[in-house]
Amino acid sequence: MRRSKWLHVPFWATYVFLYAPIVVLVVMSFNSGRSAYTYEGFSLKWYGELAQDERIRDGVVNTLIVAAGSTVVATVLGTLLAVGLARYTRSKTLDALALMPAVLPDLVLAIGLLVFYGMIQLTLGLYSVILAHGVFSMAFVAAVVRTRLSNADTSLEEASRDLGAGPVVTFMKVTLPQLTPGIIAGALLAFTLSLDEFVIAFFTIGNNEQTLPIVIYSMIRFGVTPKINALAAILLLVSFTAVIVGQRMTKIGESRAED
Amino acid sequence: MSPSRGRRLGAFVFLSPGLTYLVVLLLVPLVLVLSYTLFQRGRFGGVVYEVTGENFSRLIDPLYLSVVGTSLKIAGLTTLLALLLGYPTAYLIAQLPRKWKTVALVAVVLPFWTNFIIRVYAWIILLNGPGLLNSGLKALGLGPYELLYNQGAIILGLLYSYLPLMVLPLYAAIERLDPQLREASANLGASAFSTFRKVTLPLTVPGVLTGCLFVFVPSFGNFVIPEMLGGGKSVMVGNLIRTEFLQARDWPFGSALTLALVAVLVVLLIAQSWVARRA
């Protein structure tokens, strides 16, 4: 391995590059001064100001509403679609259609929906974002559930049908219980994607509401303060915890499946 | 119930809700955008349904072509830098002991799961006039430089946002390689470099192509990063599209720009699968 020693330079450069901005962001959130750039001393005051900011509180609530709504839509429709595609058709076109929202650039989907909502004269708001997030989240749920389906044992479903159960009963009593871990994973993915999504929400939310990423975006345009850093630090903590817990849960799930 | 009737009922029950949703909220909107490229703009936004080729002739105006050129250049440089940084990283991760492999991979992906706007914001803090990098340079007796609001800052922001998307497919491709191939090459007297050039690199071309595509696609159509770090309003195609739809309210021309964006990406996808098949 001595010969590949020079590889260590870009390797460590990657990690420094990925984490240095995050460290700076968090350190600056504890700044007692007004500046987001120059550190003057330790203080928690920006976290206090954060808690009192109504715009941010509304943004958090809106983001959670959108994420919850679109996750429900995406999980129900995505699961059904995955079962339909895996068990009831061999169409490559339908496969491609189901995957399309995940591959399409977000800006293109955002423009399409803006034009469509304008055409049917829908008043924009949280529900138009829920419908929009449902489109791409559904593609991810369907993809995750399908991987689970392709590993599932089809003989149980066949046995159920041979014994006279219709497709709906077979689905409820046999397929669905087998799919539960996949559905939960898909729903978590849909929820996380919606929480962070900016571009599609920006185009389809209209002028009266804001999700948290949009609140942050417009705050930054008015100038940077340590308050944004404090918000950033909290969001970093939330998503890092979620990823690590998610990682642990998949591991536990895998080891259970192996038992 | 007869089996074929059961199958048809099943297909209907499972497929129709999701497909209806996709047709109404994905296909119809895309067809609308496509058809808007042929119409004229209304005086106060919206469209007038009179067919015109004007939107396409405006596309080849040198002004807009140069924006497309800049977008290609910025996305291309970002992809190249991501490859230069990502390949050695993925290569080393693939050789770590199993336990450290997971840690290293999670550490690459972790920033990707945090809020996109926050990640871009971090670079404003670092690059801004009184920001940290300039303070560091000042301590060395240099600067201050205007690091923010230029194409370099855009490339840095894009690289930061999409580097994980380069590392993951590269890692998957390198991990799959049989280490015996490299050993054989070394045993036959090849230097480390020629083993890399003749064995490792050719066998990981599909991973390289996937990674490049994963970085190029979101970079090329981006409007948030050029707006936050690039200063100027119409540096990249994404900025133009955003302006046409939300400010200039010229939806037909905005649609034509969107179509151009998709066209570039489709050409790239075709080129990618062509190269992948030959490799």
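Just so we're on the same page: letters track the sequence lines, and every chain starts at 1.
Aromatic ring centres of B/Phe116 and A/Phe198 lie farther apart than the 6.0 Å criterion allows. Residues B/Phe12 and A/Tyr88 place their aromatic rings such that the two centres sit no closer than 6.0 Å. For A/Phe17 and B/Trp123, the gap between ring centers is short of 6.0 Å.
More than 12 non-hydrogen atoms from other residues, nucleotides or ligands lie less than 6.0 angstrom from CG of A/Asp162. Atom CZ of B/Phe214 is surrounded by 12 or fewer heavy atoms from other residues, nucleotides or ligands within 6.0 Å. The local environment of CZ in A/Phe222 is sparse, with at most 12 non-hydrogen atoms from other residues, nucleotides or ligands closer than 6.0 Å.
Interface summary for chain A: among B/Val24, B/Leu84, B/Val167, the most heavy-atom pairs under 4.5 angstrom belong to B/Val24. The candidate from A/Leu97, A/Ile22, A/Leu236, A/Leu195 with the greatest count of non-hydrogen atom pairs under 4.5 Å with chain B is A/Leu97. Contacts with chain B were tallied for A/Leu104, A/Leu235, A/Val24, A/Leu131; A/Leu131 has the most, counting heavy-atom pairs under 4.5 Å. The greatest number of non-hydrogen atom pairs below 4.5 Å with chain B, out of A/Leu109, A/Leu231, A/Val238, A/Ile228, is found for A/Ile228. Put simply, of B/Gly254, B/Pro164, B/Gly18, B/Gly10, the one with the most heavy-atom pairs under 4.5 Å next to chain A is B/Gly10.
Only the side chain of A/Tyr15 comes within less than 4.5 Å of a heavy atom of chain B; its backbone N, CA, C and O stay farther away. When heavy atoms are compared at a cutoff of 4.5 Å, B/Leu34 does not approach chain A at all. Residue B/Phe223 touches chain A through its side chain alone, counting heavy-atom pairs closer than 4.5 Å. Both the backbone and the side chain of B/Leu85 come within less than 4.5 Å of a heavy atom in chain A. In this structure, the portions of B/Pro111 lying under 4.5 Å from any heavy atom of chain A include both its backbone and its side chain. In this structure, chain A has heavy atoms under 4.5 Å from both the backbone and the side chain of B/Val108. With a 4.5 Å cut-off on non-hydrogen atoms, B/Leu27 touches chain A through its side chain but not through its backbone. For B/Leu261, the part sitting under 4.5 Å from any heavy atom of chain A is the side chain, from C-beta outward, and nothing else. Interface residue A/Val73: only side-chain heavy atoms are found under 4.5 Å from chain B. If you measure heavy-atom distances from A/Leu25 to chain B, the contacts under 4.5 Å come from the side chain alone. Contacts of B/Leu15 with chain A are made by both backbone and side-chain atoms, with heavy-atom separations under 4.5 Å. Both the backbone and the side chain of B/Ala104 come within contact range of chain A, judged by heavy atoms closer than 4.5 Å. Contacts of B/Val31 with chain A are absent, with no heavy-atom separation under 4.5 Å from either backbone or side chain. Looking at A/Leu94, only its side chain comes within 4.5 Å of chain B, counting heavy atoms on both sides.
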Open item on the list: Test side chain to side chain contact (heavy atoms under 4.5 Å, CB included) on A/Phe202 and B/Val224; report intermediate values, then the result.
Closed with: CA-CA 11 Å; A/Phe202 184 70; B/Val224 183; over 6 Å; no
Task: Step-by-step side chain to side chain contact (heavy atoms under 4.5 Å, CB included) determination, A/Tyr117 to B/Leu25 - done: CA-CA 9 Å; A/Tyr117 289 154; B/Leu25 287 160; 4.1 Å; yes
TODO: Let me see the working for A/Val108 and B/Leu265 under side chain to side chain contact (heavy atoms under 4.5 Å, CB included), right down to the final yes or no.
DONE: CA-CA 11 Å; A/Val108 177; B/Leu265 296 179; 6.0 Å; no
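Pairing each heavy atom of B/Leu9 with each of A/Pro167, the nearest pair is CD2-CG, 4.1 Å. The two residues B/Gly221 and A/Leu107 make their nearest non-hydrogen contact at O-CD2, 3.6 Å. The shortest non-hydrogen separation linking A/Pro213 to B/Ile117 is O-CG1, 4.1 Å. In terms of heavy-atom proximity, B/Trp251 sits nearest to A/Leu114 at CH2-O, 4.0 Å. The two residues B/Leu32 and A/Phe116 make their nearest non-hydrogen contact at CD1-CA, 3.7 Å. Considering all non-hydrogen atoms of both residues, B/Pro17 and A/Leu80 come closest at CG-CD1, 4.1 Å.
A heavy-atom distance below 4.5 Å is found between the side chains of B/Leu30 and A/Met100. Residues B/Phe14 and A/Thr175 have side chains not in contact (no heavy-atom distance under 4.5 Å, counting atoms from C-beta outward). For the pair B/Tyr121 and A/Tyr217, the minimum side-chain heavy-atom distance is 4.5 Å or more. Looking at A/Phe171 and B/Val13, their side chains never come closer than 4.5 Å, going by heavy atoms from C-beta outward. A/Trp12 places none of its side-chain heavy atoms less than 4.5 Å from the side chain of B/Thr89. Using a 4.5 Å cut-off on side-chain heavy atoms (C-beta onward), A/Leu18 and B/Tyr160 make contact.
To the nearest 0.5 angstrom, A/Ile220 atom CD1 is 11.5 Å from B/Glu227 atom CD. Going from atom OG1 of A/Thr89 over to atom CG of B/Leu19 covers 9.0 Å, rounded to the nearest 0.5 Å. Atom CG of B/Leu246 is separated from atom CZ of A/Phe203 by 4.5 Å, given to the nearest 0.5 angstrom. Expressed to the nearest 0.5 Å, how far CZ of B/Phe245 lies from CD1 of A/Ile111 amounts to 4.0 Å. Note that CG of A/Leu77 is 8.5 Å distant from CG of B/Leu22, once rounded to the nearest 0.5 Å.
A donor-acceptor pair under 3.5 Å is absent between the side-chain atoms of B/Tyr21 and the main chain of A/Gly78, judged by distance alone. At distances below 3.5 Å, not a single donor-acceptor pair connects side-chain atoms of B/Tyr36 with backbone N or O atoms of A/Val115.
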